[in-house]
Amino acid sequence: MSPAKYEAVSAEEDRPPGSAESNEESSNGTHLTPESDSEDDHDIAGLEGEEGLELKELRGRGKTRRIEQTAGGAEEEEDDEEEDYDEDDGALGGRKRSRRDSVASFELYTPDEERKVRRKLDTRLVLFVALLYLFSFLDRSNIGNAKVAGLTEDLHLSDSQYEWLLTAFYITYILFEWMTLCFKIFPPHIYISVCVCCWGVLASLQSLATSWAYMLVLRSLLGIGEAAFVGIPFYLSWFYRREELALRVGLFIAAAPLATTFASSLAWAIVRFGSNTGIAPWRLLFLLEGFPACLIAVWAWFWIPDSPSTARWLNPRERKIATLRMRKESIASTTSGASSTVPRHKRKFQWHLVLSTLRDPKSYLTAGIFFCCNVAFSSMPVFLPTIINGMGFSKLASQGLAAPPFLFAFVVVLATAFISDRIRSRSIPMMFHASFAFTGYLIATFAGLAQMGPTVRYAATFPICAGFFSAVTIVITWTINNQGSDEGKGTGMAVLNIIGQMGPLLGTRLYPDADKPYFVKGMSVCAGAMAVVFVLAFVLRMVLVKENRRRREGRRGREGGGLMYIT
């Protein structure tokens with residue numbers, strides 16, 4: 001191996017004080033890092049294989065950790081006061097906590113380079129998959145706008161038939177949630193593109209419906225297409241560290257309220273101007289909101305990377321950094337001996353990790369939280385135009401007034417995800433937003449019982465939408481955070497969705513026209529569901545705190561240990 005080329009770096013960019021290297025180099029004011037275009041900077045896995053030495057992390061407090069690998073692959077650890085995040089280090093209590101990931105720099109890339117790569121991932125990957133989810137949620141929930149635009153009248157649908165159109169989607173959606181594991185089997189760029197194209201075609205074909213049976217079949221098939229896509233938070237965990245993931249999942253999930261805002265605004269325009277086209281407004285709505293997904297599927301084929309090392313919109317140096325920064329996150333998923341540079345879908349699938357996740361009670365606690373969140377998540381976006389119409393507003397005004405609560409939810413979801421990452425807590429934001437949504441539903445329930453005017457009832461929809469959308473974001477992130485392996489993450493997401501997506505089987509039947517104009521039953525049931533979310537989040541927090549304490553004590557005694565859970 002030829003010697004590496006180096007370039008001088010100024011003293012201001014020097015390593016944190018306390019490392020031997022920084023002390024030695026401080027005398028001349030410079031230190032050396034590999035050039036980004038070095039001939040030897042072609043394959044870090046190969047470099048380490050020859051040298052037998054893994055990356056050395058330099059911490060802000062001057063602590064260092066070296067992990068040396070023997071020829072047999074065994075790891076020897078030399079730790080200077082190792083620290084892991086746990087509940088006792090929580091920021092809310094003002095106690096100290098480890099900030100090693102936020103202040104760490106590495107010998108083979110600088111913090112500035114890492115920030116640049118992370119920014120590119122945010123703008124080119126996260127925003128793109130958020131766009132895909134926007135169309136997914138749009139094609140799923142626009143049936144509520146279609147109902148107000150004349151769907152039920154033209155197809156002569158009863159309340160029961162309309163509810164079955166909603167329920168059929170979620171039945172197939174639940175049955176095919178196991179397809180999250182397909183992200184480990186097929187190249188993501190092919191898998192995601194096929195999913196997007198399928199639901200785009202199916203959503204567009206709804207515009208040709210002539211009967212209830214025709215719509216029922218299409219809605220069932222649409223559920224299969226969209227179920228295959230729900231593993232995106234699992235996919236994002238290949239590119240982001242645990243403490244970075246909530247904000248990125250938040251950006252992804254925030255596309256849902258944004259989609260509902262867009263759907264309501266577009267539905268208003270279609271109802272307002274669509275009558276002049278000679279096509280029924282609800283048909284035009286399905287066509288205009290469904291077909292663009294088919295075009296974006298072609299884009300996704302070329303844009304979506306299979307791993308950090310294959311992102312074509314990163315240059316070779318940035319691809320190496322994107323892979324390198326995730327090495328510690330990949331330790332649990334490479335126990336079979338595969339290099340972290342090998343794409344996930346090419347690694348050996350480890351079934352024992354699937355079974356371990358299925359036996360873990362924590363998987364079912366998060367699934368229970370998701371079930372209760374989905375009672376509201378599946379019903380309010382679909383029924384809000386109908387609920388507002390029941391307040392006495394016209395069909396046209398109902399479409400427009402459905403947008404502001406979801407736009408408010410979009411902003412709150414992003415703020416919640418950002419704060420959750422900063423404080424490194426999932427349970428606290430979860431309990432706050434469960435209380436927030438519960439308060440909104442309680443106000444709506446009592447306003448209905450008292451037969452109050454539309455102002456209070458409409459105002460209650462703002463905390464409702466912001467609360468359950470934010471809670472959904474947190475529970476998905478929480479599930480991914482607390483699984484170490486890819487198989488565990490995929491299985492955890494599958495359990496979360498199989499159980500959690502049963503919530504819509506209840507939620508889609510909570511607001512029949514017979515309950516107009518106050519819908520007291522639906523509001524009270526959702527209030528109870530959000531109260532249960534609060535209780536389950538508190539229980540899970542206590543379970544994780546206890547488990548972290550046990551693992552921390554085991555680690556100090558060099559017995560046991562393991563992944564420290566984010567609470």
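Numbering starts at 1 and runs along the sequence shown. Keep in mind that what you see is a predicted model, and the values were worked out from it rather than measured.
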**Request:** Would you mind reporting whether Tyr511 and Cys526 have side-chain heavy atoms less than 4.5 Å apart?
**Result:** yes
**Expected output: side-chain Ser398 to main-chain Asn389 donor-acceptor under 3.5 Å** = yes
**Interatomic spacing from OG1 in Thr461 to CE in Met391 - rounded to 0.5 Å** = 6.0 Å
**Prompt:** Would you call Phe370 and Asn374 a side-chain contact if the rule is heavy atoms closer than 4.5 Å?
**Reply:** yes
**Message:** Strictly distance-based, threshold 3.5 Å: is any side-chain N or O of Arg424 a donor or acceptor partner for the main-chain N or O of Ile566?
**Reply:** no
**Item:** Phe393 vs Tyr458, side-chain contact (heavy atoms from CB on, under 4.5 Å): CA-CA, chis, key distance, verdict
**Value:** CA-CA 11 Å; Phe393 295 99; Tyr458 179 69; 5.6 Å; no
**Asked** What are the two closest heavy atoms between Ala293 and Asp139, and how far apart are they?
**Response** CB-OD2, 4.3 Å
**Complete:** Nearest heavy-atom approach of Ala168 to Leu216 is CB-CD1, 3.5 Å
**Message:** Under 4.0 Å between a side-chain nitrogen and a carboxylate oxygen: does that hold for Arg325 and Glu244?
**Reply:** yes
**Request:** Could you label the plane-to-plane angle of the Phe436 and His433 rings as parallel, tilted or perpendicular, counting under 30° as parallel and over 60° as perpendicular?
**Result:** perpendicular
**Message:** For Tyr170 and Met502: C-alpha separation, side-chain torsions, deciding distance, then whether side-chain contact (heavy atoms from CB on, under 4.5 Å) applies.
**Reply:** CA-CA 7 Å; Tyr170 284 105; Met502 291 183 183; over 6 Å; no
**Request:** Compute whether any side-chain donor of one residue and acceptor of the other, for Asp306 and Tyr191, lie under 3.5 angstrom apart.
**Result:** no
**Request:** Specify whether Phe469 and Phe406 have parallel, tilted or perpendicular ring planes, treating 30° as the upper limit for parallel and 60° as the lower limit for perpendicular.
**Result:** perpendicular
**Request:** Report the C-alpha distance between Phe534 and Phe432 in whole Å, list the side-chain angles of each, state the deciding distance to 0.1 Å, and finish with yes or no for ring-ring contact (aromatic ring centres under 6.0 Å, His included).
**Result:** CA-CA 8 Å; Phe534 181 94; Phe432 172 80; over 10 Å; no
**Message:** Testing the 3.5 Å rule here: is there a donor-acceptor pair between the side chains of Ser420 and Arg426?
**Reply:** yes
**Request:** Indicate yes or no for a side-chain donor-acceptor contact from Trp282 to the backbone of Thr152 under 3.5 Å, with no hydrogens or angles considered.
**Result:** no
**Request:** Would you give the length of the straight line joining atom NZ of Lys362 to atom CG of Leu544, rounded to the nearest 0.5 angstrom?
**Result:** 6.5 Å
**Short side-chain to backbone donor-acceptor contact, Asn497 and Met493, under 3.5 Å** = yes
**Where Asp421 and Ala246 come nearest, the two heavy atoms and their spacing** = OD1-CB, 3.0 Å
**Prompt:** Can you tell me if Tyr441 uses its side chain to pair, donor with acceptor, with the backbone of Ala529 under 3.5 Å?
**Reply:** no
**Item:** Intermediate values then yes/no, ring-ring contact (aromatic ring centres under 6.0 Å, His included), Tyr235 and Trp238
**Value:** CA-CA 6 Å; Tyr235 169 71; Trp238 301 358; 5.5 Å; yes
**Item:** Worked verdict on Leu165 versus Trp212 for side-chain contact (heavy atoms from CB on, under 4.5 Å)
**Value:** CA-CA 8 Å; Leu165 292 182; Trp212 173 74; 3.9 Å; yes
**Request:** Compare all side-chain heavy atoms of Asn481 with those of Glu243 and state whether any distance is below 4.5 angstrom.
**Result:** no
**Request:** To the nearest 0.5 Å, tell me how far Ile369 CD1 sits from Ile476 CD1.
**Result:** 12.0 Å
**Separation between CG of Asn142 and CD of Gln206, rounded to the nearest 0.5 Å** = 6.5 Å
**Prompt:** Donor-acceptor pair, Ser207 side chain versus Phe286 backbone, under 3.5 Å?
**Reply:** no
**Item:** Derivation and outcome, side-chain contact (heavy atoms from CB on, under 4.5 Å), residues Leu414 and Phe418
**Value:** CA-CA 6 Å; Leu414 294 182; Phe418 176 78; over 6 Å; no
**Sub-4.5 Å side-chain heavy-atom contact between Leu496 and Ser363** = no
**Prompt:** Counting distance only, does the side-chain N/O of Thr172 pair as donor-acceptor with the main-chain N or O of Phe169 below 3.5 Å?
**Reply:** yes
**Residues Glu114 and Lys120 bridged, charged N to O under 4.0 Å** = no
**Item:** Side-chain heavy atoms of Met380 within contact of Cys465, under 4.5 Å
**Value:** yes
**Six-ring centre of Trp313, Arg319 cation under 6.0 angstrom, axis tolerance 45°** = no
**Asked** Less than 4.5 Å apart, any side-chain heavy atom of Phe176 and any of Ile171?
**Response** no
**Message:** Has Thr439 got a side-chain atom pairing as donor or acceptor with Ser435's backbone, closer than 3.5 angstrom?
**Reply:** yes
**Item:** Phe462 atom CZ: more than 12 heavy-atom contacts under 6.0 Å
**Value:** yes
**Message:** Walk me through whether Trp299 and Phe128 qualify under ring-ring contact (aromatic ring centres under 6.0 Å, His included).
**Reply:** CA-CA 10 Å; Trp299 183 10; Phe128 184 74; 4.8 Å; yes
**Considering all heavy atoms, the nearest Arg140-Tyr173 contact** = NH2-OH, 3.3 Å
**Message:** Just so I know, are the side chains of Val129 and Ile304 near enough to count as touching, which here means a heavy-atom distance under 4.5 Å?
**Reply:** yes
**Asked** Rounded to the nearest 0.5 Å, what separation is found between the CD1 atom of Ile443 and the CD1 atom of Ile464?
**Response** 8.5 Å
**Item:** Neighbour count >12 (heavy atoms, 6.0 Å) for atom OH, Tyr214
**Value:** yes
**Prompt:** Can you tell me if Arg312 uses its side chain to pair, donor with acceptor, with the backbone of Phe302 under 3.5 Å?
**Reply:** yes
**Side chain proximity check, Ser425 to Arg541, heavy atoms < 4.5 angstrom** = yes
**Prompt:** How are the rings of Phe252 and Phe229 set relative to one another: parallel (under 30°), tilted (30 to 60°) or perpendicular (over 60°)?
**Reply:** tilted
**Asked** For the side chain of Asp154 and the backbone of Ala280, is there at least one donor-acceptor N/O pair under 3.5 Å apart?
**Response** no
**Asked** Between Phe137 and Phe377, does the ring centre distance come in under 6.0 Å?
**Response** yes
**Item:** Heavy-atom pair of closest approach, residues Phe438 and Ala527
**Value:** CD1-O, 3.0 Å
**Request:** Compare every heavy atom of Gly390 with every heavy atom of Arg457, then report the nearest pair and how far apart it is.
**Result:** NH2-O, 4.1 Å
**Asked** Rounded to the nearest 0.5 Å, how far apart are CZ of Arg118 and CD1 of Ile321?
**Response** 11.5 Å
